[in-house]
2 protein chains.
Amino acid sequence: MQDVQEPAAWGGVEPEAAQRLLTAGVEAFAERGYHATTTRDIAGRAGMSPAALYIHFKTKEELLFRISRVGHERARAVIAAAAESEGTAGERLAYAVRAFARWHAEHHTTARVVQYELAALGEEHYAEIVALRREIDRLVRGIIEDGVRDGEFAVADVPGTALAVLSLCVDVARWFSAAGSRPPEEVGSLYADLVGRMVAAPDARDARRHGPQK
Amino acid sequence: MQDVQEPAAWGGVEPEAAQRLLTAGVEAFAERGYHATTTRDIAGRAGMSPAALYIHFKTKEELLFRISRVGHERARAVIAAAAESEGTAGERLAYAVRAFARWHAEHHTTARVVQYELAALGEEHYAEIVALRREIDRLVRGIIEDGVRDGEFAVADVPGTALAVLSLCVDVARWFSAAGSRPPEEVGSLYADLVGRMVAAPDARDARRHGPQK
DNA sequence: CTCGACGCTGAGCAAGCGCTTAGGGCCGTA
DNA sequence: TACGGCCCTAAGCGCTTGCTCAGCGTCGAG
């Protein structure tokens with residue numbers, strides 16, 4: 001259980017000690033879950049005493065919130081880059097799925113906290129996070145709507161399909177493990193291909209037929 | 001937050017009080033998570049004192065295990081019925097996905113415990129559950145392999161696709177909520193269609209084009 | 001050199017946790 | 001009526017939890 005990922009993860013946050021607490025929190029929450037993680041465990045991983053946590057964060061829940069917010073903002077940025085890129089709806093959707101699935105694999109520890117610890121947030125913090133999640137949902141649905149309008153996609157249930165596409169990517173965080181799994185970029189390519197087939201109109205199929213090798 | 005589901009859910013289990021504890025445990029674990037649930041809460045929902053729990057279950061973890069095992073066995077039964085049914089690989093896969101996705105929607109409380117509380121199990125119990133999960137995986141992969149062999153499916157990465165199909169269905173338990181969502185059978189139909197398009201060989205498309213009426 | 005602010009620690013508090021134990025009512029059998 | 005087994009409760013034990021607080025060292029500003 002090593003952590004090769006998270007390169008310059010929490011870049012330039014506050015005093016360096018707060019940064020260490022954030023990464024320690026991500027690791028611990030991802031491994032055991034929020035409620036099974038003790039403040040002593042987090043502080044220990046960051047190399048300090050339990051009391052030090054409360055200098056940088058008001059409560060354990062606020063530490064979770066800070067992790068969750070930064071995580072959601074990064075996830076949104078990944079989708080937004082795809083949605084705002086040039087190209088057909090098919091290209092933008094492939095970009096979005098490839099990048100989003102890959103992000104969930106590469107940063108699966110952060111992603112696990114982002115996707116599976118929402119219930120532990122306080123009411124106000126939860127509301128703020130939900131707003132970010134709705135934006136992500138809206139961006140994906142927008143791409144699919146574009147494709148349907150252009151006749152590139154044949155999708156009967158747009159909201160349902162958008163939900164399924166996001167759901168597929170999100171669940172990568174659950175099953176992906178750095179050790180046993182295929183590399184993140186492979187997950188991204190596979191998922192982009194699968195989603196492409198899910199939405200493609202029959203006549204637009206030939207464009208995809210020649211496959212994902214580039 | 002009512003519970004219309006779970007009809008004759010834990011049918012004929014032990015003394016009736018143990019049954020009440022199991023359903024109370026499912027509700028509480030699904031709502032708050034295993035670690036955030038107290039034995040007092042479970043006992044309270046079942047209408048008894050905290051000590052009563054320990055007459056029927058050795059520990060809180062054993063209660064979780066019993067829920068998880070029964071849940072996994074039911075999930076496996078759903079997939080097994082599809083895998084062993086008559087029909088083409090395409091028909092069996094559609095059956096499997098429709099039933100499995102629908103099960104995760106209909107029994108989303110049980111499913112949440114089944115899919116998201118594995119980490120709370122003890123080592124031996126975890127191993128027993130993992131064996132059940134591998135069977136489910138094997139059954140789905142088997143159907144897809146059949147379809148590829150018959151030329152009905154065009155799938156480059158069979159294990160990866162099987163994983164994605166299961167992942168898609170499993171994640172229904174995360175986002176589905178009885179109140180706000182579409183009905184479970186609609187989720188099943190949508191997902192069966194999406195997965196069908198994911199795996200179908202281009203030439204077999206026409207068979208699907210005219211839809212699911214039999 | 002003095003001093004206040006900052007980052008941190010050691011010790012510990014109140015609350016809540018999983019779980020145990022002693023005992024009480026209720027049942028079918030004799 | 002007597003009795004043994006089954007369910008159950010009231011009380012509480014030992015421990016861990018999130019969090020606090022008094023105090024200590026370090027360091028830049030005056």
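Just so we're on the same page: letters track the sequence lines, and every chain starts at 1.
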Is any NZ, NE, NH1 or NH2 atom of the basic residue among R20(B) and E16(B) found under 4.0 Å from an Asp or Glu carboxylate oxygen of the other? yes
Just how far, in rounded Å, is C1' of dC8(C) from CG of L21(A)? 11 Å
Given dC17(C), dC8(D), dC8(C), the nucleotide with the shortest approach to the side chain of R40(B): dC17(C)
Just checking T38(A): base, sugar-phosphate only, or nothing, at a heavy-atom cut-off of under 4.0 Å? sugar-phosphate
Is any side-chain nitrogen or oxygen of H56(A) closer than 4.0 Å to OP1 or OP2 of dC8(C)? yes
Ring-face cation contact, F65(A) with K58(A), 6.0 Å cut, 45° max: no
Under 30°, 30 to 60°, or over 60°: which ring-plane class applies to W103(A) and F100(A), parallel, tilted or perpendicular? parallel
Nearest to side-chain heavy atoms of P50(B), which nucleotide of dC19(C), dG18(D), dT21(C): dC19(C)
Closest approach to the side chain of M48(A), judged atom by atom: which nucleotide of dT9(D), dT9(C), dG18(D) is it? dT9(C)
d(CZ, R32(A); P, dT17(D)) in whole Å: 10 Å
Atom-to-atom span, CD of E62(A) to C1' of dG18(D) - whole angstrom: 14 Å
Quick check: closest heavy atoms across V113(A) and V26(A), and the distance to 0.1 Å? CG2-O, 3.9 Å
Which nucleotide in dC7(D), dT9(C), dG18(D) has an atom nearest any side-chain atom of P15(B): dC7(D)
Does dC8(C) have OP1 or OP2 under 4.0 Å away from a side-chain N or O of S49(A)? no
Can you measure R20(B) atom CZ to dC7(D) atom P for me and round it to whole angstrom units? 12 Å
Among dC8(D), dC19(D), dT9(D), which is the nearest nucleotide to the side chain of A51(B)? dT9(D)
Kindly indicate whether a cation-pi arrangement holds for K60(B) with Y34(B), taking the cut-offs as under 6.0 Å to the six-membered ring centre and within 45° of the axis. yes
To the nearest angstrom, the CG-C1' distance between L53(B) and dC19(C) comes to 10 Å
Side chain of I55(B) only, heavy atoms from C-beta on: which candidate in dA10(D), dC21(D), dC7(D) is closest? dC7(D)
Atom NZ of K60(B) to atom P of dG16(C): distance rounded to whole Å? 16 Å
Quick one: H35(B) NE2 to dG18(C) P, roughly how many Å, whole number? 11 Å
Gap between atoms OH and P, on Y54(A) and dA22(D) respectively (whole Å): 18 Å
Nucleotide of dG18(D), dC8(D), dC19(C) approaching T39(A) most closely (side-chain heavy atoms): dG18(D)
